[in-house]
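Below you'll find the structure, written out as structure tokens, and then a few comments.
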Amino acid sequence: MNSVTRRGAARLAAAVLASGLAVVGAVAAAGPAAAVRMPQNQGGVSAALGAITAGGRAVVHDRRKTGEVAAGLFEMKVDGGGALQTYCIDILTNTVDGAKYREAGWNESSLHDNKDAGKIRWILQHSYPQINDLAALAKDSGAGTLDANTAAAGTQVAIWRYSDHVSVDAQNPEAQKLADWLYKSAQDVEEPKASLTLGPSAVSGKSGQRLGPVTVHTDAASVTVAPSGDAAAKGVKIVGKDGKPVTTTADGGELYFSVPAGAPDGFTSLKVTAATKVPVGRAFIGDHIKTQALVLAGSSESTVSATATATWAKKGAAPAVAARKDCTKNGVEITVDNKGDEAFPFELAGSRHTVRPGGSETVVVKAGEDKAYRVAVTGANGYSRTFSGILDCQTAESGSTGSVGGAPPARPSPSPSPLADGDLATTGGSGSTPVVAGLAVVLIVAGGGAVYALRRREAAGGR
């Protein structure tokens with residue numbers, strides 16, 4: 001698919017998604033002020049896909065698809081500042097030009113059930129661009145001579161052999177030697193930690209109390225803490241354990257929402273930001289769009305962020321609702337805590353539940369692979385908390401007809417880019433972009449998801 005066609009598909013997909021989310025917004029806005037569309041990002045980096053900056057060609061020999069692919073290193077622009085370098089971990093899925101991505105744990109990506117995920121991280125740690133002494137890398141691998149293009153191509157080929165368990169070879173002999181060496185040498189290493197998360201991401205309680213704590217987890221030296229714009233108008237302050245206002249903190253810092261006594265029942269949030277390098281090996285998945293999954297190979301100092309919410313009431317139920325994707329359970333895990341003094345009855349995925357005061361309940365709602373979903377927790381008096389996204393837990397098992405790869409073989413050029421003029425970021429994938437088909441359904445109605453698992457934890461004091 002040429003770049004113009006891909007851009008057209010991306011715009012159409014974005015339009016379809018925007019119209020679908022408008023429906024979500026309409027549903028949420030239909031009720032009283034308690035209807036809220038909730039953030040689902042667990043925290044970290046958000047970035048937009050750019051072009052391949054180094055790489056070459058490879059050939060896939062597989063029962064699912066045979067043909068040429070572009071194998072290389074992507075550049076990504078971080079929201080708020082910074083740049084990332086990533087490799088592909090889903091060879092049969094195309095990228096979408098300019099697609100927005102977010103940092104994710106392995107349990108939110110196709111790496112969740114890949115026994116070789118640790119070996120992929122080892123390859124990233126022991127090859128280009130983490131190892132930029134290409135002469136030494138060539139000597140260690142027996143590759144002869146390596147430049148940025150052959151090093152990137154060889155690294156990508158070795159990663160694909162573990163991410164997709166596919167038979168793939170680099171066209172360049174030196175890149176092939178590097179790929180073979182990396183593949184044979186790889187060892188299992190542990191998953192990297194997130195660049196920034198908050199836990200829990202939702203808290204609740206009575207007005208007149210400090211709600212929390214929300215604990216900061218990060219490798220950044222410090223983080224900036226800011227309440228949402230409506231917090232001051234509601235009299236809510238963000239404070240530490242000592243009750244003093246907090247504007248900065250560090251890893252392990254505990255944050256509280258200080259809600260004044262007698263405050264009307266309400267809802268607000270805080271945002272934490274920092275600048276840090278994202279750990280190599282973190283997964284990157286499409287943010288509300290179906291696109292090729294990526295894995296981090298390098299990071300500049302980049303802006304990372306995370307959000308937490310708070311709900312309070314003078315009396316009665318005080319629910320806190322959070323969600324996270326869980327590929328090990330093939331769905332979205334919804335957790336409802338109740339820090340009020342009355343039970344909180346709610347409906348989710350067509351089933352009714354009740355959380356007693358001080359209790360907690362977790363429900364996993366099934367979602368279809370590569371399908372957009374919308375999950376809503378609804379209660380009395382128009383209460384609504386909605387979560388939406390796309391579940392992308394598997395590598396593609398089949399592609400459309402035609403050769404693998406979204407770009408034609410590169411034409412000879414003095415440019416360091418491995419791709420011909422007019423080719424944008426595409427590695428792996430089939431000859432057509434599947435995004436529109438993946439988003440055509442747009443939304444799965446909340447009641448349409450089947451409840452997969454249910455557990456209750458009802459101990460005094462919550463979770």
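Quantities reported herein were computed from a predicted structural model and do not represent experimental measurements.
Atom OH of Y87 sits about 4.5 Å away from atom CG of L73, to the nearest 0.5 Å. Taken to the nearest 0.5 Å, the CD atom of E301 stands 5.5 Å off from the OG1 atom of T276. The CD atom of Q209 lies 12.0 Å from the OH atom of Y256; values are rounded to the nearest 0.5 Å. The distance from the OG atom of S228 to the CZ atom of F257 is 7.5 Å, given to the nearest 0.5 Å. Between S167 atom OG and R161 atom CZ the span is 7.5 Å, to the nearest 0.5 Å. Rounding to the nearest 0.5 angstrom, the gap separating the OG1 atom in T303 from the CG atom in L196 is 11.0 Å.
Pairs of residues two or more places apart, or lying in two chains, that qualify as side-chain hydrogen bond (donor to acceptor under 3.5 Å, both in side chains) and include a residue from residues 186-199 are E103-S195.
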Decide yes or no on side chain to side chain contact (heavy atoms under 4.5 Å, CB included) for T86 and Y101, but give the supporting numbers first. CA-CA 11 Å; T86 56; Y101 282 77; over 6 Å; no
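In this structure, the ring-ring contact (aromatic ring centres under 6.0 Å, His included) partners of F344, at least two apart in sequence or on a different chain, are F346, Y383. Remark: D251 pairs with no residue by the salt bridge (Lys or Arg N to Asp or Glu O under 4.0 Å) rule, at least two apart or across chains.
Pairing each heavy atom of R121 with each of G281, the nearest pair is CG-CA, 4.1 Å. Closest of all the heavy-atom pairs between A250 and V223 is N-CG2, 4.5 Å.
In this model, a donor atom of one side chain and an acceptor atom of the other lie less than 3.5 Å apart for D337 and S360. Looking at N107 and T328, their side chains never bring a donor and an acceptor atom within 3.5 Å of each other. For T291 and T95, the side-chain atoms include no donor-acceptor pair closer than 3.5 Å.
Annotation: side chain of D113 is in contact with side chain of Q394 (closest heavy-atom distance under 4.5 Å). At least one side-chain heavy atom of F284 sits under 4.5 Å from a side-chain heavy atom of V45.
Of the options K325, K290, K371, a salt bridge (Lys or Arg N to Asp or Glu O under 4.0 Å) to D392 is made by K290 and by none of the others.
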